[in-house]
Amino acid sequence: MSRAPLKSDFPSSISQLVTIVSPPVSPQTASSAPARPPANILILLHGLGDTPDSFTSLGAALQLPETACISLRGPASLPFGLQGFHWGDDIEMATSGTLDPDAGFTKSRTLLHQVVEEVLVTSLGYPRRAIFFLGFGQGGMAALDFASLLKAKQGEGDNEYGGVISIGGPLPHSSPSHTASTPVLLVGSERGSLVTSESEKRVRNVFSTVRMVRWKGRTQDGMMKTREEARDLMEFLASRLRSWAGTEGPGKGLVEVGGGSTA
């Protein structure tokens, strides 16, 4: 990768949907050493009817070393003058009378393809292994759907993203059913979660590496509230994030923070 992404890197048609959070400043980045691009990119996807503001704040609060965050706004506005955005192709009502989050993801696929494949991978040279996703609810569904498109190909490199964390977001029914290599952390409430045992099976049938976490005492899906809940996410990320630490500079290889092999 050549450098950190800038808002100007994205097409004008989607640049208003993109907010970039720079990596936290560390002693290494604050020194006179040659500037290095972020080792990782974390893409944040808000829930149905929300805005990207809270996820932009989350990206800054996570303080992930050597990681730039891109907080995306859903490509469609809620109807009837309601505030907020969504990731679906349409607005559909579930039998419960609430908005159905599984409303088609063609628009979100197009947006994520532009952001990830066209800008980060092709233009800036980031390997897919360096790109992560964290989404809540429908945003998690959009992340799983997009990652499922990257089919595992035996013997070929760069056929997986760094990982997907989906909180309260199952795999959409319209997603492909072939095997994908991207690791997944699936999070749901102990009771009342959209991530049912059946939807968990669907995720495991598509993704080869899945960890399921159910937050005890929760009766509905929501973002993490306690240190223990945050630890589930941080442990997953720590096992997959990469670092320039111990290398001599770009092009010399990256080290997995969790102690994996260099790449």
Side-chain angles (χ1 to χ4, degrees), residues 10-19 43-56 58 70-120 131-151 161 164-178 180 182 184 186-189 192-207 220-223:
F10 299 90
S12 58
S13 58
I14 64 169
S15 61
Q16 74 275 15
L17 308 181
V18 175
T19 302
I43 297 176
L44 302 164
L45 299 93
H46 63 78
L48 171 60
D50 202 355
T51 71
D53 296 348
S54 60
F55 273 65
T56 301
L58 173 64
I70 298 178
S71 181
L72 293 180
R73 196 190 82 191
S77 302
L78 291 179
F80 314 121
L82 297 173
Q83 299 297 312
F85 303 88
H86 67 96
W87 302 95
D89 295 335
D90 202 353
I91 290 290
E92 297 181 5
M93 300 299 293
T95 54
S96 62
T98 59
L99 294 178
D100 186 353
D102 199 349
F105 289 87
T106 304
K107 292 179 181 179
S108 65
R109 286 183 184 183
T110 300
L111 171 61
L112 287 168
H113 181 82
Q114 289 179 290
V115 170
V116 175
E117 294 295 333
E118 295 182 12
V119 176
L120 296 178
I131 301 170
F132 296 76
F133 305 84
L134 192 165
F136 172 67
Q138 195 185 46
M141 296 177 73
L144 287 172
D145 176 73
F146 182 73
S148 73
L149 301 176
L150 188 59
K151 185 176 181 180
Y161 296 110
V164 175
I165 299 175
S166 178
I167 302 174
L171 183 69
H173 286 86
S174 58
S175 300
S177 58
H178 57 233
T182 300
V184 170
L186 196 58
V187 181
S189 57
S193 176
L194 286 179
V195 184
T196 62
S197 58
E198 184 60 33
S199 60
E200 178 187 345
K201 290 178 183 177
R202 292 189 62 248
V203 174
R204 292 188 183 279
N205 286 338
V206 172
F207 294 93
Q220 62 181 13
D221 295 316
M223 293 296 290

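- Contact record, D90 with A103: O-CB, 3.2 Å, taken as the closest heavy-atom pair.
- Between V206 and P176, the shortest heavy-atom contact is CG2-O, 3.7 Å.
- S166 is not listed as a side-chain neighbour of M141, based on a closest heavy-atom distance of 4.5 Å or more.
- G84 and T51 make their closest contact through CA-CG2, 4.4 Å (heavy atoms, listed as atom of the first residue, atom of the second, distance).
- Taking OG1 of T182 as the reference point, atom CG of L144 lies at 10.0 Å (rounded to 0.5 Å).
- A search for ring pair (Phe, Tyr, Trp, His ring centres under 6.0 Å) contacts involving Y161 returns F133, F146, not counting sequence neighbours.
- Taking every heavy atom of both residues into account, V195 and D221 meet most closely at N-OD2, 4.3 Å.
- Across every non-hydrogen atom of L194 and S199, the tightest pair is O-OG, 3.5 Å.
- Annotation: side-chain hydrogen bond (donor to acceptor under 3.5 Å, both in side chains) contacts of T110 (sequence neighbours excluded): none.
- A donor atom on one side chain and an acceptor atom on the other are found under 3.5 Å apart for T56 and S71.
- Proximity of I70 to F10: side-chain heavy atoms (C-beta onward) are separated by under 4.5 Å at one or more points.
- The local environment of CD in Q16 is crowded, with over 12 non-hydrogen atoms from other residues, nucleotides or ligands closer than 6.0 Å.
- Put simply, CG on L45 and CG on D50 are 11.5 Å apart, with the number rounded to the nearest 0.5 Å.
- Rounded to the nearest 0.5 Å, atoms CZ (F55) and OG1 (T19) are 13.0 Å apart.
- The shortest side-chain heavy-atom distance between L149 and H113 does not fall under the 4.5 Å cut-off.
- Residues passing the ring pair (Phe, Tyr, Trp, His ring centres under 6.0 Å) test with H46, sequence neighbours excluded: W87.
- Listed by chain and residue number, nothing satisfies the side-chain hydrogen bond (donor to acceptor under 3.5 Å, both in side chains) test with S108 (two or more places apart in sequence, or in another chain).
- For the atom pair CG of L78 and CZ of F85, the computed distance is 8.0 Å after rounding to the nearest 0.5 Å.
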| task | Begin from the C-alpha positions of E200 and R204 and carry the test salt bridge (charged side-chain N to carboxylate O under 4.0 Å, His left out) through to its verdict. | result | CA-CA 6 Å; E200 178 187 345; R204 292 188 183 279; 3.1 Å; yes
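- Every residue two or more places apart in sequence or in another chain was checked for a side-chain hydrogen bond (donor to acceptor under 3.5 Å, both in side chains) with Q114, and none qualifies.
- From L44, atom CG reaches atom CG of L72 across 8.0 Å, with rounding to the nearest 0.5 Å.
- Taking R109 as the reference, D145 meet the side-chain hydrogen bond (donor to acceptor under 3.5 Å, both in side chains) condition, with sequence neighbours excluded.
- Heavy atoms only, all atoms of each residue included: A147 and V164 are closest at CB-CG2, 3.7 Å.
- For the pair F207/L171, a side-chain contact is recorded, criterion being any heavy-atom separation below 4.5 Å from C-beta on.
- Rounded to the nearest 0.5 Å, atoms OG (S77) and NE2 (H86) are 7.5 Å apart.
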